[in-house]
Amino acid sequence: MNEEKLNEKEAGKPPVSFIEQIIIDDLKAGKNNGRIHTRFPPEPNGYLHIGHAKAICLDFGMALKYGGKCNLRFDDTNPVKEEIEYIDSIKEDIRWLGFDWEDREYYASDYFGKLFDFAVDLIKRGLAYVDDQPAGVISEQKGSPTRPGIESPYRNRSVEENLDLFIRMNKGEFEEGSRVLRAKIDMTSPNMHMRDPIIYRIIKEPHHRTGDKWKVYPMYDFAHGQCDYFEGITHSLCTLEFEVHRPLYDWFIDQLRTDEYRPRQIEFNRLNLTYTIMSKRRLLELVREGRVSGWDDPRMPTLCGLRRRGYTPESIRKFIDLIGYTKYEAINDVTLLEHAVRDDLNLRAPRVFAVLNPVKVIITNYPESQTENVELINNPEDESMGSRKVPFSREIYIEEEDFMEDPPSKFFRLSPGKEVRLKGAYIIKCNGLKKDPSTGRIEEIYCTYDPATKSGEHQADRKVKATLHWVSVKEAVDAEIRLYDRLFNHEDPAGQKDRDYREFLNPDSLKLLRNCKVEPSLKSAKPLDKFQFQRLGYFCVDYDSTEGHLVFNKTVGLKDTWAKISK
RNA sequence: UGCUCCGUGGUGUAACUGGCAACACGUCUGACUCUGGAUCAGAAAAGUCCAGGUUCGAGCCCUGGCGGAGCAACCA
């Protein structure tokens with residue numbers, strides 16, 4: 001072990017991914033004049049999800065860390081699938097995540113002219129031809145992974161004829177699907193993508209940016225690498241499924257480049273999460289079929305959904321940092337994502353009292369008309385967050401779950417004859433209850449309090465087994481609270497043969513609680529404000545919330561040891 | 001039955017040009033606690049897909065297997 005390694009270990013330097021290692025090596029070798037330039041290339045046909053966040057963190061993160069730049073480039077080569085409405089949401093989500101492309105907002109459609117010229121150039125060099133065959137025939141001639149393809153009868157047309165045809169394709173003289181432009185490479189290549197790939201097709205639908213200027217549009221493979229080249233991208237990072245496209249990417253770059261510079265495509269593993277689907281197509285189905293309330297439903301793995309759920313950008317970045325970038329197609333445990341939010345919110349979320357399923361407690365020896373304001377620490381993890389006053393009185397709500405008439409031995413909350421501490425207030429003892437005779441449901445719990453045990457005072461340090469949160473009845477504010485659970489009840493809902501992922505939709509993924517009581521300080525809480533409801537979990541104010549009608553979303557529960565014991 | 005990529009605790013990652021398999025999450029103890037949270041201390045858990053080979057020494061190099069994924073859209 002050499003000294004450098006020792007030093008690194010002692011400094012606790014986090015390991016770098018194989019991609020970061022390549023960047024470091026390239027920098028060291030002075031490649032591309034020491035430039036680092038990446039790009040994030042979303043297709044504007046859906047909302048960004050946490051899988052995209054993994055790519056964004058890499059693309060922008062590497063540029064940031066190594067003094068480079070990262071472009072935002074919308075991959076808008078297919079006017080029939082793409083819509084302008086997605087562009088704004090994509091930009092908003094990237095900014096929210098904490099990244100900035102400055103003035104470098106580009107569109108593949110910005111390069112349609114250059115791409116067209118390049119196609120013309122390939123035709124002139126005998127490296128591209130117009131094929132008049134229908135899709136089915138072209139596909140048939142392409143062969144299969146185990147069977148080589150055969151050449152198209154149009155493969156050896158003259159340059160003049162190809163040129164004439166291609167230009168007329170773009171003028172709209174031919175029907176969609178009647179002709180395509182193909183690169184002339186190798187129909188017998190073991191790599192399917194090299195078997196004379198289609199590079200231009202006729203589409204007569206207007207494009208959201210270029211209108212009806214073009215009647216032919218480049219395919220992904222003919223646009224992506226060249227756009228990288230035009231923008232001076234050095235490291236073009238994408239997911240593993242593009243691995244087999246790389247020879248084609250390089251082939252086009254070889255036809256295009258004029259000096260040493262060339263962008264390099266590197267592939268990494270995409271993000272898979274347990275109990276989650278990540279395909280844009282399926283997420284769109286959930287939205288269209290009304291199985292969720294929209295792209296930003298808090299159960300969705302979209303960035304806007306996670307945001308509404310109460311996730312912070314920091315927690316998402318932390319999570320992505322944790323899972324790393326490799327070439328192994330991994331399935332990440334959602335609990336790691338949940339851990340990342342808890343970890344982040346623990347430090348920043350103010351603690352408050354909220355009772356989800358209220359049951360009334362009457363403190364029989366507490367003066368009827370009295371209310372006192374007890375002081376509570378806002379966040380034990382961060383003294384600078386200060387404290388607040390919360391009203392306490394004779395009648396309070398506690399959590400239904402915090403009382404058991406017949407408790408097992410491990411249960412140390414309130415039960416007849418037992419004492420608990422009301423956090424920030426007094427120790428109380430239960431000595432009676434009232435039940436609804438017809439349902440058996442507990443309506444009221446009667447307790448006495450010990451005035452000498454007020455928090456912070458001399459004799460207050462008597463030990464009791466449990467501390468409960470509570471809300472004073474008189475001052476309680478009503479709230480609606482939406483409890484979320486995973487959207488699917490199968491670890492891999494999309495990966496089951498012969499089973500549709502919708503079969504695994506969790507019927508209990510949303511539970512609405514309309515009779516919740518929260519402390520009065522929450523009255524003016526604004527959408528996206530985050531709190532820890534003491535002993536329950538982290539909650540975030542929903543967009544639907546108003547001052548007269550508070551609505552909270554459960555982000556994630558606290559670790560719950562009792563839940564394990566009671567199983 | 002072609003090409004490409006990948007196989008390290010339960011999960012995700014680490015181990016520089018071979019040198020005591022490490023970290024995080026999770027799990028289990030215990031301490032502390034006015035959150036059954038947080039924190040702290042500790043434990044269990046892989047011998048690196050298999051079989052050979054090279055080597056003083058292999059997760060890493062070589063050979064051969066096995067297993068998984070991707071690739072046959074006028075999608076990206």
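Chain naming here is simple, since letters A, B, ... match the order of the sequence lines and numbering starts at 1 in each. Below, all heavy atoms of this structure are taken into account, side chains as well, without hydrogens, waters or symmetry copies. All of these numbers come straight from a predicted model, not from anything done at the bench.
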Trainee: Checking all strands, does A:Gly149 fall into the base, sugar-phosphate, or nothing category for heavy-atom contacts under 4.0 angstrom?
Mentor: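 Contact class for A:Gly149: none.
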
Trainee: Categorize A:Ser189 for me: base, sugar-phosphate, or nothing, with a 4.0 angstrom heavy-atom threshold over every strand shown.
Mentor: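 The answer is nothing, as A:Ser189 stays clear of every strand by at least 4.0 Å.
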
Trainee: Output, in order, the C-alpha distance, side-chain angles, deciding distance and verdict of salt bridge (charged side-chain N to carboxylate O under 4.0 Å, His left out) for A:Arg388 and A:Glu519.
Mentor: CA-CA 11 Å; A:Arg388 71 190 184 288; A:Glu519 65 169 69; 2.7 Å; yes

Trainee: Partner of B:A41 by Watson-Crick or G-U wobble geometry, both contacts under 3.5 Å, or none?
Mentor: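 Checking every strand shown, B:A41 finds its partner in B:U29, with both distances under 3.5 Å.
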
Trainee: Looking at every strand, decide which applies to A:Pro148 at a 4.0 Å heavy-atom threshold: base, sugar-phosphate, or nothing.
Mentor: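 Here A:Pro148 touches no strand at all.
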
Trainee: For B:C75 and B:G18, measure between their P atoms and round to the nearest Å.
Mentor: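 Here B:C75 and B:G18 have their P atoms 48 Å from each other.
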
Trainee: Would you mind checking if A:Asp131 and A:Arg157 are paired as a salt bridge, meaning a charged N to carboxylate O distance below 4.0 Å?
Mentor: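 Not counted as a salt bridge, because no side-chain N and carboxylate O are separated by less than 4.0 Å.
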
Trainee: For a quick check of understanding: with a heavy-atom distance under 4.0 Å over all strands, which category does A:Thr77 fall into, base, sugar-phosphate or nothing?
Mentor: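 Sugar-phosphate contact only - A:Thr77 comes under 4.0 Å of backbone atoms but never of a base.
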
Trainee: Considering every strand and a 4.0 Å limit on heavy-atom distances, what is the contact class for A:Gly324: base, sugar-phosphate, or nothing?
Mentor: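 Result for A:Gly324 = nothing.
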
Trainee: Under a 3.5 Å limit for both distances, which nucleotide forms a Watson-Crick or G-U wobble pair with B:C56, could you say?
Mentor: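 Its partner is B:G19 (Watson-Crick or G-U wobble, both distances under 3.5 Å).
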
Trainee: Counting any heavy atom closer than 4.0 Å, what does A:Ala135 reach on the DNA or RNA strands: base, sugar-phosphate only, or nothing?
Mentor: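 Here A:Ala135 touches the bases of the nucleic acid.
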
Trainee: Could you give the distance separating B:U8 and B:G67 at their C1' atoms, to the nearest angstrom?
Mentor: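 Approximately 15 Å lies between the C1' atom of B:G67 and that of B:U8.
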
Trainee: Just checking A:Asn191: base, sugar-phosphate only, or nothing, at a heavy-atom cut-off of under 4.0 Å?
Mentor: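 Answer is nothing: A:Asn191 stays at 4.0 Å or more from every strand.
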
Trainee: From C-beta outward on A:Pro15, which listed nucleotide comes closest to its side chain: B:G12, B:U33, B:A14?
Mentor: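 Selected nucleotide (nearest to the side chain): B:A14.
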
Trainee: In whole Å, measure the gap between the P atoms of B:C32 and B:G10 for me.
Mentor: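 Rounded to whole Å, the distance is 34 Å.
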
Trainee: Of all the nucleotides listed (B:U35, B:U27, B:U4), which has the minimum atom distance to the side chain of A:Glu243?
Mentor: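 Looking only at side-chain atoms, A:Glu243 lies closest to B:U4.
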
Trainee: A:Ile565 has a side chain; which of B:U11, B:G36, B:G12 sits nearest to it?
Mentor: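 Side chain of A:Ile565 sits closest to B:G36.
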
Trainee: At less than 4.0 Å, is any side-chain N or O atom of A:Asn346 found next to OP1 or OP2 of B:A38? Yes or no.
Mentor: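 A:Asn346 to B:A38 OP1/OP2: no side-chain N or O under 4.0 Å.
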
Trainee: With nearest nucleotide decided by heavy atoms, which residue, A:Val244 or A:Thr146, maps closer to the 5′ end of RNA chain B?
Mentor: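 Here A:Thr146 is the residue nearer the 5' end.
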
Trainee: Looking only at side-chain atoms of A:Met219, point me to the closest of B:U35, B:C25, B:C74.
Mentor: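 For A:Met219, the side-chain atoms sit closest to B:C74.
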
Trainee: Any side-chain N or O of A:Thr326 under 4.0 Å from OP1/OP2 of B:G12?
Mentor: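 No, because none of the side-chain N or O atoms of A:Thr326 sits under 4.0 Å from OP1 or OP2 of B:G12.
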
Trainee: NA contact type, A:Lys465, heavy-atom cut-off 4.0 Å: base, sugar-phosphate, or nothing?
Mentor: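 The residue A:Lys465 makes no contact with any strand.
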
Trainee: Describe the nucleic acid contact of A:Asn269 in one word from base, sugar-phosphate, nothing, applying a heavy-atom distance below 4.0 Å.
Mentor: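 Result for A:Asn269 = sugar-phosphate.
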
Trainee: Of the nucleotides B:U35, B:A14, B:C74, which has the atom closest to the A:Leu558 side chain?
Mentor: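 The listed nucleotide nearest to A:Leu558's side chain is B:U35.
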
Trainee: Need one value for A:Phe411: base, sugar-phosphate or nothing, where a base atom within 4.0 Å counts as base even if backbone is also close, heavy atoms only.
Mentor: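 Here A:Phe411 touches the bases of the nucleic acid.
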
Trainee: At less than 4.0 Å, is any side-chain N or O atom of A:Thr561 found next to OP1 or OP2 of B:G37? Yes or no.
Mentor: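 Yes, within the criterion.
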
Trainee: Rounding to the closest angstrom, what is the interatomic distance between B:C71 and B:C28 at atom P?
Mentor: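 The same atom, P, in both gives a distance of 40 Å.
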
Trainee: Distance under 6.0 Å and angle within 45° of the ring axis: does A:Lys54 meet both against A:Tyr325?
Mentor: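 Here A:Lys54 passes the 6.0 Å and 45° test against A:Tyr325.
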
Trainee: I would like to know whether A:Asp196 and A:Tyr129 meet side chain to side chain donor-acceptor pair (under 3.5 Å); could you show each step before the answer?
Mentor: CA-CA 9 Å; A:Asp196 288 11; A:Tyr129 62 96; 2.6 Å; yes

Trainee: What's A:Leu240 touching, base or sugar-phosphate or nothing? Going by heavy atoms closer than 4.0 Å.
Mentor: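 A:Leu240: no heavy atom of the nucleic acid under 4.0 Å.
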
Trainee: Counting side-chain heavy atoms from CB outward, which of B:A24, B:U11, B:C71 is closest to A:Asp333?
Mentor: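 Of all the options, the side chain of A:Asp333 is nearest to B:U11.
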
Trainee: Does A:Arg195 have a side-chain nitrogen or oxygen under 4.0 Å from the phosphate oxygens OP1 or OP2 of B:C3?
Mentor: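 For A:Arg195, the contact criterion (side-chain N or O under 4.0 Å from OP1 or OP2 of B:C3) is not met.
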
Trainee: Among B:U13, B:G2, B:A38, find the nucleotide with the atom closest to the side chain of A:Lys559.
Mentor: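 Comparing B:U13, B:G2, B:A38 against the side chain of A:Lys559, the answer is B:A38.
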
Trainee: A:His224 vs A:Tyr249 aromatic rings, parallel, tilted or perpendicular, using cut-offs 30° and 60°?
Mentor: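 A:His224 and A:Tyr249: tilted rings.
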
Trainee: Heavy atoms under 4.0 Å, any strand shown: does A:Lys327 hit a base, just sugar-phosphate, or nothing?
Mentor: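 Sugar-phosphate, no base atom in range.
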
Trainee: Can you tell me how far P in B:A41 sits from the matching atom in B:C25, rounded to whole Å?
Mentor: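 Looking at atom P only, B:A41 and B:C25 are 13 Å apart.
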
Trainee: Pick base, sugar-phosphate or nothing for A:Pro380, based on heavy-atom distances below 4.0 Å to the nucleic acid.
Mentor: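 Base, at least one base heavy atom under 4.0 Å.
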
Trainee: Would one find a side-chain N or O of A:Arg201 under 4.0 angstrom from OP1 or OP2 of B:C75?
Mentor: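 So the side chain of A:Arg201 is within the cut-off, an N or O lying under 4.0 Å from OP1 or OP2 of B:C75.
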
Trainee: Side chain of A:Glu381, base of B:G37: donor and acceptor closer than 3.5 Å?
Mentor: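 Result: at least one qualifying N/O pair found.
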
Trainee: The test is side-chain contact (heavy atoms from CB on, under 4.5 Å); show your working for A:Thr555 and A:Lys530 and say whether it passes.
Mentor: CA-CA 9 Å; A:Thr555 307; A:Lys530 293 163 184 66; 5.7 Å; no

Trainee: I want to verify a distance call: between B:C74, B:G36, B:G12, whose nearest atom is closest to the A:Ile198 side chain?
Mentor: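 Nearest nucleotide to the side chain: B:C74.
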
Trainee: If you measure from the Lys or Arg side-chain nitrogens to the Asp or Glu carboxylate oxygens, is any gap between A:Asp228 and A:Arg73 under 4.0 Å?
Mentor: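 Result for this pair is yes, salt bridge flagged.
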
Trainee: Which is true for A:Gly456 with a 4.0 Å heavy-atom rule: it touches a base, it touches only sugar-phosphate, or it touches nothing?
Mentor: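 Base contact - A:Gly456 has a heavy atom under 4.0 Å of at least one base atom.
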
Trainee: When the C1' atoms of B:A45 and B:G52 are compared, how many Å lie between them, rounded to an integer?
Mentor: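 Nearest-Å result for B:G52 against B:A45 at atom C1': 30 Å.
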
Trainee: Partner of B:A51 by Watson-Crick or G-U wobble geometry, both contacts under 3.5 Å, or none?
Mentor: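 Partner of B:A51: B:U63.
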
Trainee: Just compare B:C71, B:A76, B:U13 and give me whichever is closest to any side-chain atom of A:His193.
Mentor: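 For the A:His193 side chain, the nearest candidate turns out to be B:C71.
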
Trainee: Suppose we call a contact any N or O donor and acceptor under 3.5 Å apart; does that hold for the side chain of A:Arg413 and the base of B:G36?
Mentor: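 Indeed there is one.
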
Trainee: Of the nucleotides B:U13, B:C25, B:C75, which one has an atom closest to the side chain of A:His339?
Mentor: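 Side chain of A:His339 sits closest to B:C25.
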
Trainee: Check this for me, if you would: do A:Lys318 and A:Asp344 make a salt bridge, where the nitrogen-to-carboxylate-oxygen distance has to be below 4.0 angstrom?
Mentor: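 Not counted as a salt bridge, because no side-chain N and carboxylate O are separated by less than 4.0 Å.
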
Trainee: Give a yes or no on whether a donor-acceptor pair under 3.5 Å exists between the nucleobase atoms of B:U35, that is its base, and the side chain of A:Gln532.
Mentor: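 Pair found.
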
Trainee: Determine the interatomic distance between P on B:C60 and the same-named atom on B:G9; round to the nearest Å.
Mentor: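 Here B:C60 and B:G9 have their P atoms 15 Å from each other.
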
Trainee: Quick one: classify the glycosidic conformation of B:G64 as syn or anti, with syn meaning within 90° of 0.
Mentor: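 Chi for B:G64 falls in the anti range.
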
Trainee: Please tell me if the side chains of A:Cys447 and A:Leu414 come closer than 4.5 Å, counting only heavy atoms from C-beta onward.
Mentor: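 The answer is yes, as the side chains (C-beta and beyond) meet within the 4.5 Å cut-off.
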
Trainee: Mind checking who B:A69 pairs with, Watson-Crick or G-U wobble, both distances under 3.5 Å?
Mentor: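 The answer is B:U4, by the H-bond criterion.
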
Trainee: Using the C1' atom on both, measure B:C62 against B:U54 and round to a whole Å.
Mentor: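 7 Å, rounded to whole Å.
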
